[in-house]
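Counting begins at 1 with the first residue of the sequence. Whatever order the structure lists them in is the order used to number ligands and atoms, beginning at 1.
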Amino acid sequence: MKYSIKDINLAKKGITKIEWARKDMPVLSGIAEDFKKTKPFKNMTIGVCLHVTAETANLMIALQEAGAKVVLCASNPLSTQDEVAAALVQNFNIPVFAKKGESKNEYFEHLNNVLDMKPDITMDDGADLVGELHSARPSQAKKILGGTEETTTGVSRLKSMANEGTLLFPVIAVNESMTKHFFDNRYGTGQSTLDGIIRATNKLIAGSVFVVAGYGWCGKGLAMRARGMGANVIVTEIDAVKAIEALMDGFRVMPMTQAAKEADFICTVTGNTDIVGSKTFKIIKDGCIISNSGHFDVEIDLVALKKVTKTRKVLRDFVESYKLKNGKTVFVLAGGRLVNLGSAEGHPASVMDMSFANQMLAVKFLVKNAGKLNNSVHVLPEALDRKIATLKLKSLGAQIDVLSKKQKEYMTGWRDGTK
Ligand code: NAD
Ligand code: ADE
């Protein structure tokens with residue numbers, strides 16, 4: 001079997017980690033148990049491009065047990081857990097092409113290693129696998145039933161392709177399920193981003209000024225958790241509605257060029273480019289720690305930063321100091337790549353449980369509807385999303401009320417008004 005990983009001898013550590021994560025993934029495990037019996041993915045090759053973590057490993061194992069041939073590469077050069085990659089190869093015979101810290105060339109080589117296996121279904125996080133297929137090997141699209149996409153930035157790229165008329169197969173936007181973005185993007189990114197910043201720096205958050213760029217799903221989670229740790233949080237936005245939301249949630253709101261003057265921490269989660277750029281570097285507070293948890297490493301303009309920098313130095317793992325020509329020093333974490341997966345382990349398994357339950361049901365939906373979906377971006381039916389919510393709630397030991405017949409009739413009628 002062909003594979004490309006850092007060190008196969010790390011497998012023992014990886015397997016322990018995978019089992020630890022599985023304990024918090026009851027919804028995925030339940031679906032996996034069902035699919036193990038019925039083998040809905042028999043004769044399918046699934047090409048997967050996700051962050052290579054213990055949680056992803058559990059998804060890969062579940063897909064394989066459901067009858068699929070699976071192959072995995074990383075969706076970010078810095079997010080691979082090398083011990084997990086080793087365990088997937090050694091213990092499960094799953095070809096993995098991923099190394100933490102791989103170069104850009106290796107990253108694209110690994111995407112192509114996955115495409116070489118001629119997948120029937122693609123599973124992406126950020127749309128690089130689908131992007132590479134469309135730009136370098138479009139003829140392969142004929143064989144593909146469809147794809148799934150995990151994250152906001154990937155969905156946005158795929159919608160652009162669909163709008164242009166260039167998307168060659170249907171894709172299910174897993175991110176759009178309520179049981180994905182309400183929880184993964186908000187509570188997952190909220191916690192794991194702070195985890196990444198703290199593991200890299202061991203700095204105190206309490207009493208600091210913490211700037212969150214972007215008040216979408218991820219930004220809301222991050223701002224909420226930073227405040228919970230005692231930070232004075234400032235939000236920057238370009239959307240007036242989101243900005244009002246941040247204000248009414250009790251945060252200060254201002255432009256980045258103002259916020260950066262007092263920031264001890266800046267963390268970007270916009271999915272947009274050039275959020276911290278040359279204008280910001282002119283006024284940024286001495287000692288500011290800059291990080292990003294958005295999908296791509298374009299939110300901090302490192303080219304502009306290097307232009308105003310006299311000397312650079314790696315101080316600790318994932319911490320680089322930039323001594324600026326104006327005498328100030330700033331610190332960039334994880335090279336501007338997503339800090340929660342670069343210097344920590346990504347979202348906890350309990351939240352990935354729902355995201356990856358969506359992935360399993362999305363693949364089944366593609367198989368069931370093969371040839372019936374048009375080449376655009378689709379959302380999983382709400383009934384499946386709600387099924388995942390019900391299973392998760394049950395696993396958390398919580399119960400809810402059930403609508404009575406009278407309540408159902410009242411909520412769907414119009415005759416009952418003022419009495
Ligand atoms: P979202 O669309 O809900 O929120 C993004 C917000 O950023 C929006 O409110 C938008 O108005 C704002 N924004 C855009 N340009 C801006 C600018 N110039 N300045 C300030 N704000 C700006 O998206 P989301 O679901 O919160 O995802 C954000 C990013 O995080 C995406 O790239 C997504 O793929 C990624 N993501 C990362 C992780 C992770 O594990 N690190 C997890 C989920 C999503
Ligand atoms: N994205 C964010 N956290 C993740 C995790 N733990 N595994 C896979 N993808 C992720």
(Q) Among all the protein's non-hydrogen atoms, which is closest to atom 1 (N) of ligand 2, and how far away is it? (A) His51 CD2, 3.6 Å
Q | Test: Arg252 and Glu262 ion pair at under 4.0 Å | A | yes
**Q.** Protein heavy atom at shortest distance from atom 7 (N) of ligand 2
**A.** Thr53 OG1, 2.7 Å
(Q) Can you name the atoms of ligand 2, numbered from 1 with element, that are less than 4.0 Å from a heavy atom of Phe356? (A) 8 (C)
(Q) Rounded to the nearest 0.5 Å, what separates atom CZ in Arg157 from atom OG1 in Thr151? (A) 11.5 Å
Q) Is the closest side-chain donor-acceptor distance between Asn202 and Arg316 under 3.5 Å? A) no
Q. Any nitrogen or oxygen of Asp125, main chain or side chain, under 3.5 Å from a nitrogen or oxygen of ligand 2?
A. no
Q: Check the angle between the aromatic planes of Phe169 and His134 and answer parallel, tilted or perpendicular using the 30° and 60° thresholds.
A: tilted
Q: Look at the rings of Phe97 and His110 and say which category their plane angle falls in: under 30° parallel, 30 to 60° tilted, over 60° perpendicular.
A: tilted
Q: Please determine which of Asp385, Asp184, Asp353 meets the side chain to side chain donor-acceptor pair (under 3.5 Å) test together with Thr179.
A: Asp385
Q. Does the cation-pi check pass for Arg227 over Phe251, that is, NZ or CZ under 6.0 Å from the six-membered ring centre and within 45° of its axis?
A. yes
(Q) Does the residue Glu150 have a heavy-atom contact with ligand 2, meaning some pair of atoms that are separated by less than 4.0 Å? (A) no
Write none if no such pair exists; otherwise list each N/O atom of ligand 1 with its protein N/O partner under 3.5 Å and the distance.
unit_1	atom_1	unit_2	atom_2	d
ligand 1	3 (O)	Trp217	N	3.1
ligand 1	9 (O)	Glu237	OE2	2.5
ligand 1	9 (O)	Lys242	NZ	3.1
ligand 1	11 (O)	Glu237	OE1	2.8
ligand 1	11 (O)	Glu237	OE2	3.4
ligand 1	15 (N)	Asn272	ND2	3.1
ligand 1	25 (O)	Thr152	OG1	2.7
ligand 1	25 (O)	Asn185	ND2	2.9
ligand 1	26 (O)	Trp217	N	3.2
ligand 1	26 (O)	Cys218	N	2.9
ligand 1	32 (O)	Thr153	OG1	2.6
ligand 1	32 (O)	His295	N	3.0
ligand 1	34 (O)	Thr151	OG1	2.7
ligand 1	34 (O)	Thr153	N	3.1
ligand 1	34 (O)	Thr153	OG1	3.4
ligand 1	40 (O)	Asn340	ND2	2.8
ligand 1	41 (N)	Ser293	O	2.8
ligand 1	41 (N)	Ser293	OG	3.3
ligand 1	41 (N)	Asn340	OD1	3.1
ligand 1	41 (N)	Asn340	ND2	3.3

Q | Interfacing atoms of ligand 2 (cut-off 4.0 Å, heavy-atom, Glu345) | A | 6 (N)
**Q.** Distance in Å, Lys325 NZ paired with Lys307 NZ, rounded so as to fall on 0.5 Å steps
**A.** 10.0 Å
Q. Looking only at non-hydrogen atoms, which of Met352, Glu55, His347 approaches atom 9 (N) of ligand 2 most closely?
A. Met352
Q. Does Glu164 have any salt bridge (charged side-chain N to carboxylate O under 4.0 Å, His left out) partners at least two apart in sequence or in another chain, and if so, which?
A. none
Q | Non-hydrogen atom of Thr56 closer than 4.0 Å to ligand 2 | A | yes
(Q) Any salt bridge linking Arg137 with Glu132? Criterion: basic side-chain nitrogen under 4.0 Å from a carboxylate oxygen. (A) no
